[in-house]
Amino acid sequence: MKKWILTICALFAGIGLLAQGNVTTRKYRLADFTDKITQVVLTGNEVLSSALRQEVVSGWTASAFEFCTLEQFEKLKTSDNFYFLIAAETRFKDEDNPGITFLTLVKGGPEATEGIGAMHEVISLPLQAAMGGDGRELTYLGSLVSAVQTFTLAAMESEKVAYSRDAWFRQNYEKWGKMKQIYMAREDIVESMQEQEIEKFLDPDWHVCSAEESDRQYLDGAYHVLTSYVVAPVIPSKGSYCYKMLFEADTHALFYISRHKITEKKGVGFLPEDLKYLARKR
């Protein structure tokens with residue numbers, strides 16, 4: 001009897017929360033994503049804005065979209081009629097200054113009066129160093145736009161996905177990584193690793209090459225090939241993070257993402273533990 005009473009109380013408590021509009025799970029808050037307009041915010045960076053416009057026009061299919069300026073974003077951001085896709089600099093808790101620019105999807109609402117950091121974040125993916133990229137960010141921008149969409153649509157269907165971004169993307173590698181070649185840029189591996197230490201993780205289909213060669217494989221849409229891309233601050237400080245990613249060249253899908261806090265012992269790039277994980281799944 002007690003179990004039934006508890007169940008009934010829980011049921012009515014749930015109904016009460018719905019009636020009060022207090023349900024705040026990520027899946028619930030995303031339920032209207034495909035029905036709302038996504039405003040793509042074009043910042044003052046002309047090169048990046050032009051590339052983002054092109055990638056959205058050619059690849060955004062998850063919802064209706066429009067383009068807006070930063071000034072228009074400031075006027076529209078408090079409206080829950082819109083989602084916003086924006087390249088925004090982010091400062092982590094202990095950082096002195098923003099270190100990384102993320103491609104971020106946020107939902108509009110009254111809380112936006114307190115700043116973009118107070119808005120409901122759907123997903124943020126690392127794009128480039130906050131002080132500016134080296135051009136590689138334009139190569140992988142289309143993949144990041146696609147990844148924002150695929151994750152958001154999956155998160156609409158699953159609470160588990162909504163709360164496990166990195167793990168959800170890494171399942172691509174766990175399922176299919178052993179079937180792929182890897183072209184990993186030496187520049188994307190932490191500098192402190194010696195060549196012989198790197199080689200112990202490699203196999204005949206895992207190549208360490210220049211960033212130019214890795215990116216060329218991606219741009220050529222090479223079949224069954226994964227290429228690397230790392231994003232970190234130009235000048236890391238206390239509290240800075242490094243993000244490491246692998247993309248599939250022919251589909252442009254994000255296959256792997258992880259991050260670590262940059263310290264004296266853990267520099268910028270794929271760490272030995274990353275290579276160990278990747279090798280174990282092959």
Side-chain angles (χ1 to χ4, degrees), residues 55 58-62 103 123-127 136-158 160-190 193-232 242-260 268-282:
E55 296 294 353
S58 63
W60 188 269
T61 58
L103 185 65
I123 180 175
S124 286
L125 291 172
L127 175 60
R136 297 187 73 200
E137 70 280 0
L138 302 180
T139 297
Y140 294 101
L141 178 59
S143 282
L144 295 173
V145 169
S146 177
V148 167
Q149 292 186 91
T150 56
F151 174 84
T152 304
L153 293 174
M156 289 177 67
E157 304 297 327
S158 168
K160 181 179 179 182
V161 172
Y163 284 92
S164 56
R165 181 201 68 180
D166 292 5
W168 186 77
F169 283 116
R170 285 199 298 267
Q171 71 179 346
N172 286 329
Y173 187 85
E174 292 174 356
K175 289 179 180 178
W176 311 111
K178 60 179 176 290
M179 301 172 60
K180 310 295 181 182
Q181 293 188 68
I182 299 176
Y183 281 79
M184 183 173 286
R186 179 61 182 92
E187 297 94 317
D188 289 338
I189 301 174
V190 65
M193 282 190 73
Q194 302 297 315
E195 303 308 315
Q196 59 269 28
E197 187 180 2
I198 296 172
E199 289 175 2
K200 70 182 182 182
F201 296 108
L202 305 184
D203 58 52
D205 289 325
W206 187 344
H207 315 282
V208 175
C209 57
S210 66
E212 290 78 10
E213 173 62 16
S214 177
D215 293 352
R216 186 182 66 80
Q217 293 287 331
Y218 176 90
L219 292 169
D220 288 347
Y223 181 63
H224 272 199
V225 165
L226 303 178
T227 62
S228 64
Y229 180 50
V230 166
V231 177
C242 171
Y243 286 81
K244 302 144 289 185
M245 294 170 281
L246 292 176
F247 296 94
E248 187 173 40
D250 55 345
T251 67
H252 291 187
L254 179 57
F255 255 60
Y256 175 85
I257 180 171
S258 68
R259 74 171 190 170
H260 68 266
V268 172
F270 283 83
L271 300 174
E273 47 262 48
D274 294 306
L275 303 189
K276 183 178 181 180
Y277 168 85
L278 295 172
R280 190 173 68 246
K281 298 297 181 179
R282 292 178 67 76

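Starting from 1, each residue takes its place in the sequence as its number.
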Taking it one step at a time, do T227 and M184 satisfy side-chain contact (heavy atoms from CB on, under 4.5 Å)? CA-CA 6 Å; T227 62; M184 183 173 286; over 6 Å; no
What heavy-atom pair brings [X] and [Y] nearest, and what distance separates the two atoms?
| X | Y | result |
| --- | --- | --- |
| I123 | A147 | CD1-O, 4.4 Å |
| V230 | V268 | CG1-CG1, 4.1 Å |
| S228 | A185 | OG-N, 2.9 Å |
| Q149 | G59 | NE2-O, 2.9 Å |
| L125 | L144 | CD1-O, 3.8 Å |
| E212 | E187 | OE1-OE2, 4.2 Å |

Which residue pairs pass the side-chain hydrogen bond (donor to acceptor under 3.5 Å, both in side chains) test with at least one member in residues 161-173, sequence neighbours excluded? none
Aromatic ring centroids of H252 and Y218 under 6.0 Å? yes
Polar contact flag, side-chain donor to acceptor under 3.5 angstrom, [X]-[Y]:
| X | Y | result |
| --- | --- | --- |
| Y140 | D215 | yes |
| Y277 | E174 | yes |
| S258 | Y256 | yes |
| E248 | T251 | yes |

Do D188 and R136 meet the salt-bridge criterion of a basic N to acidic O distance under 4.0 Å? yes
Looking at CD of E213 and CZ of R216, how far apart are the two atoms once the value is rounded to the nearest 0.5 Å? 4.0 Å
Using 0.5 Å steps for rounding, measure from the CZ atom of F255 to the OG atom of S143. 11.0 Å
Apply side-chain contact (heavy atoms from CB on, under 4.5 Å) to I182 and D203, showing your working. CA-CA 10 Å; I182 299 176; D203 58 52; over 6 Å; no
For W176, does the CH2 atom sit with more than 12 other heavy atoms under 6.0 Å from it, leaving out its own atoms? no
Could you go through V231 and K244, starting from their C-alpha distance and side-chain angles, then the distance that decides it, and tell me whether this counts as side-chain contact (heavy atoms from CB on, under 4.5 Å)? CA-CA 7 Å; V231 177; K244 302 144 289 185; over 6 Å; no
Quickly, which of E195, M193, E199 forms a side-chain contact (heavy atoms from CB on, under 4.5 Å) with E197? Name it, please. M193
So, R282 side chain and K180 main chain: donor-acceptor pair closer than 3.5 Å or not? yes
Donor-acceptor contact present, side-chain S158 to main-chain A155, <3.5 Å: no
Verdict with supporting geometry, F270 and V190, side-chain contact (heavy atoms from CB on, under 4.5 Å): CA-CA 6 Å; F270 283 83; V190 65; over 6 Å; no
Side chain to side chain donor-acceptor pair (under 3.5 Å) with Q181: which of H224, Q217, H207? H207
